[in-house]
Amino acid sequence: MLQVAFIRENKGIVLKGLAKRNVKNAEELIANTLQADEDRRAIQTELDAILAESNKLSKDIGQFFKSGERQKAEILKQKTIQLKEKSKNLTENLQAKANELQELLYLIPNIPNEIVPGGSSEEDNLTVFQEGEIPTLHKGALPHWELAKKYDIIDFELGNKITGAGFPVYKGKGAKLQRALINYFLDKNTAAGYDEVQVPHLVNEASGFGTGQLPDKEGQMYHDAQDNLYLIPTAEVPVTNIFRDVILKENDFPICKTAYTPCFRREAGSYGAHVRGLNRLHQFDKVEIVRIEHPTKSYEALDSMVNHVKGILQELNLPYRILRLCGGDIGFTSALTYDFEVFSTAQDRWLEVSSVSNFENFQANRLKLRFKNNKGKTELAHTLNGSSLALPRILAGLLENCQTPEGIKIPKALVPYSGFEFIN
RNA sequence: GGAGAAUUGGCAGAGUGGUCGAAUGCGGCAGUCUUGAAAACUGUUGAGGGUCACACCUCCGGGGGUUCGAAUCCCUCAUUCUCCGCCA
């Protein structure tokens, strides 16, 4: 959520940013927001004046009662009763106006960074880096879902039976490989200075609002109506919400956290060949990195996160590329996002395995995540997060790119974790 | 699940209807003293709205109510603790 004061003072920048995101009715949206803000402040001022008066009268009444001047007190009482009526109305108006403003603010996405390319769809994302050799596969090479079946390491049908589509069962070396990947990622992240945390997999409404999944993506999360809790779509939600309503000290920065969690996504509206196998699941595993940074350091931090993920993909020997997402494809809350994609050789397409973003103070504003700056003023912090890494598509990439006629050859870096070199 | 107690500023903890945004202690920050530090002493120290700046307004777990006036009384929800029950 943007700060109203920021919108008020930087209308031009905001409109330019919204244009880059192809937001329709941006002019109107901003105009309505500023109007609501102005109205709200006007009502607030009026209400404050009335409250000030009635506070004063109440004190006087107290004095009169003490000094035994009951009649004087009674007269003032009548006055305050009138004020009370007025202030009640104004309070209601204020509440309504504040809600209106809040809802408008929820509709305004983050302002993209200068370097975010224009564009309306994923076609317009900018490839900023690519490395790793795309292997030439042997004859009869298979897509990962066939390999999974052949080696009996992932059972999609069994998941169907137990739960439904998109909830696979990993078996034998498949299950072990999952565990290996999780441990490997966590070890890489902690070695890079991220503190490991284990967090709840269900979150309350306030947390959903804090990181921006609510109200924007309500339908994408599984919801337990009985207790009003949401299954997390990413560890970003519980981990970042650790810092909701927190005022940090300047020397608390940088804060670096990593967490493994399963992720649950309803993926309403997804269909077709692109959701086959591990490409798109309702439940999947992911290791996440989250950073809380001083505003002047957040882009440095973003670069370091990108480099960190790079290092892992290099070590796994997977061909990958990095995209800078365009205005039309970047997430609602993000100011700058880099997507990592691994080439899936047997499917002949790129699969997103990580998304690393700087949210600047957009999340922090909702979270009320602040710090005391060196002038003693509270200021919003910057939040960032990224996958490091998401398992299913890494697994898909590994299975497809590392397949040989003799079986799947596990990358060297993973062998100490998996305990085996081949799946055959 | 049942019974009881509690929830106050960074922490501890006072405050049962007006003079309370809130005593006191600790911690933090600044200063005096010191070669420096410690100790001692002095001052300062919650958040949000509002204002050019003041004024002023709101906030004592969340929400609602009583009252001219609520941290204080009532209702409700949440959380924590103690005892009992059940249990990985």
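Every chain is numbered from 1 and lettered A, B, ... according to where its sequence line falls, protein lines coming before strand lines.
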How would you list, by chain and number, every residue that makes a side-chain contact (heavy atoms from CB on, under 4.5 Å) with [X], sequence neighbours excluded?
| X | value |
| --- | --- |
| A/K217 | A/Q220 |
| A/S120 | A/N22, A/D124 |
| A/E157 | A/K149, A/D155 |
| A/A335 | A/N110, A/Y299, A/E360 |

When the [atom1] atoms of [N] and [M] are considered, how many whole Å apart are they?
| N | M | atom1 | value |
| --- | --- | --- | --- |
| B/G17 | B/G65 | C1' | 16 Å |
| B/C33 | B/C52 | P | 42 Å |
| B/U19 | B/C56 | P | 15 Å |
| B/G13 | B/G27 | C1' | 14 Å |
| B/C84 | B/C73 | C1' | 32 Å |
| B/A70 | B/G2 | C1' | 33 Å |
| B/G62 | B/U67 | P | 23 Å |
| B/G64 | B/A71 | P | 15 Å |

Could you identify which residues of residues 49-59 of chain A place a heavy atom less than 4.0 Å from some atom of RNA chain B, listed by residue number, or say none?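 Within this stretch, A/L51, A/A52, A/N55, A/S58 sit under 4.0 Å of the strand.
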
With sugar-phosphate meaning primed atoms plus P, OP1 and OP2, does A/K377 contact a base, only sugar-phosphate, or nothing at under 4.0 Å between heavy atoms?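 No contact.
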
Please identify each residue that fulfils side-chain hydrogen bond (donor to acceptor under 3.5 Å, both in side chains) with A/T296, with sequence neighbours left out.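 For A/T296, the residues satisfying side-chain hydrogen bond (donor to acceptor under 3.5 Å, both in side chains) (neighbours in sequence not counted) are A/H294.
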
List for me each residue that meets side-chain hydrogen bond (donor to acceptor under 3.5 Å, both in side chains) alongside A/R244, sequence neighbours excluded, and say none if there are none.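 Per chain and number, A/R244 pairs via side-chain hydrogen bond (donor to acceptor under 3.5 Å, both in side chains) with A/S207, A/N241.
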
Return the nucleotide paired to [N]: Watson-Crick means purine N1 to pyrimidine N3 with N6-O4 or O6-N4, wobble means G-U with N1-O2 and O6-N3, both under 3.5 Å.
| N | value |
| --- | --- |
| B/C11 | B/G25 |
| B/G18 | B/C68 |
| B/U35 | none |
| B/C54 | none |
| B/C81 | B/G4 |
| B/G46 | B/C59 |

Using 4.0 Å as the upper bound for N to carboxylate O, is an ion pair formed by A/E53 and A/K56?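 Result for this pair is no, no salt bridge flagged.
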
Comparing A/I81 and A/Q63 on RNA chain B - which has the more 5′ nearest nucleotide: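 Counting from the 5' end, the first nearest nucleotide belongs to A/Q63.
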
If you look only at pairs with a residue in residues 176-194 of chain A, which of them pass as a side chain to side chain donor-acceptor pair (under 3.5 Å), with sequence neighbours excluded?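 Residue pairs passing side chain to side chain donor-acceptor pair (under 3.5 Å), neighbours aside: A/Q178-A/D285, A/Y184-A/E315, A/D187-A/Y417, A/K188-A/E315, A/N189-A/T258, A/N189-A/H308, A/N189-A/S388, A/Y194-A/R291.
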
Could you tell me if A/T211 and A/Q363 have a donor-acceptor pair between their side chains, going purely by distance under 3.5 Å?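 Side chains of A/Q363 and A/T211: no pair found under 3.5 Å.
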
For chain A, the stretch of RNA chain B it reaches, first to last nucleotide, under 4.0 Å of its heavy atoms: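 Nucleotide range with atoms under 4.0 Å of chain A: B/G18 to B/G69.
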
Apply ring pair (Phe, Tyr, Trp, His ring centres under 6.0 Å) to residues A/Y222 and A/Y230 and explain how you reach the verdict. CA-CA 6 Å; A/Y222 289 98; A/Y230 293 84; over 10 Å; no

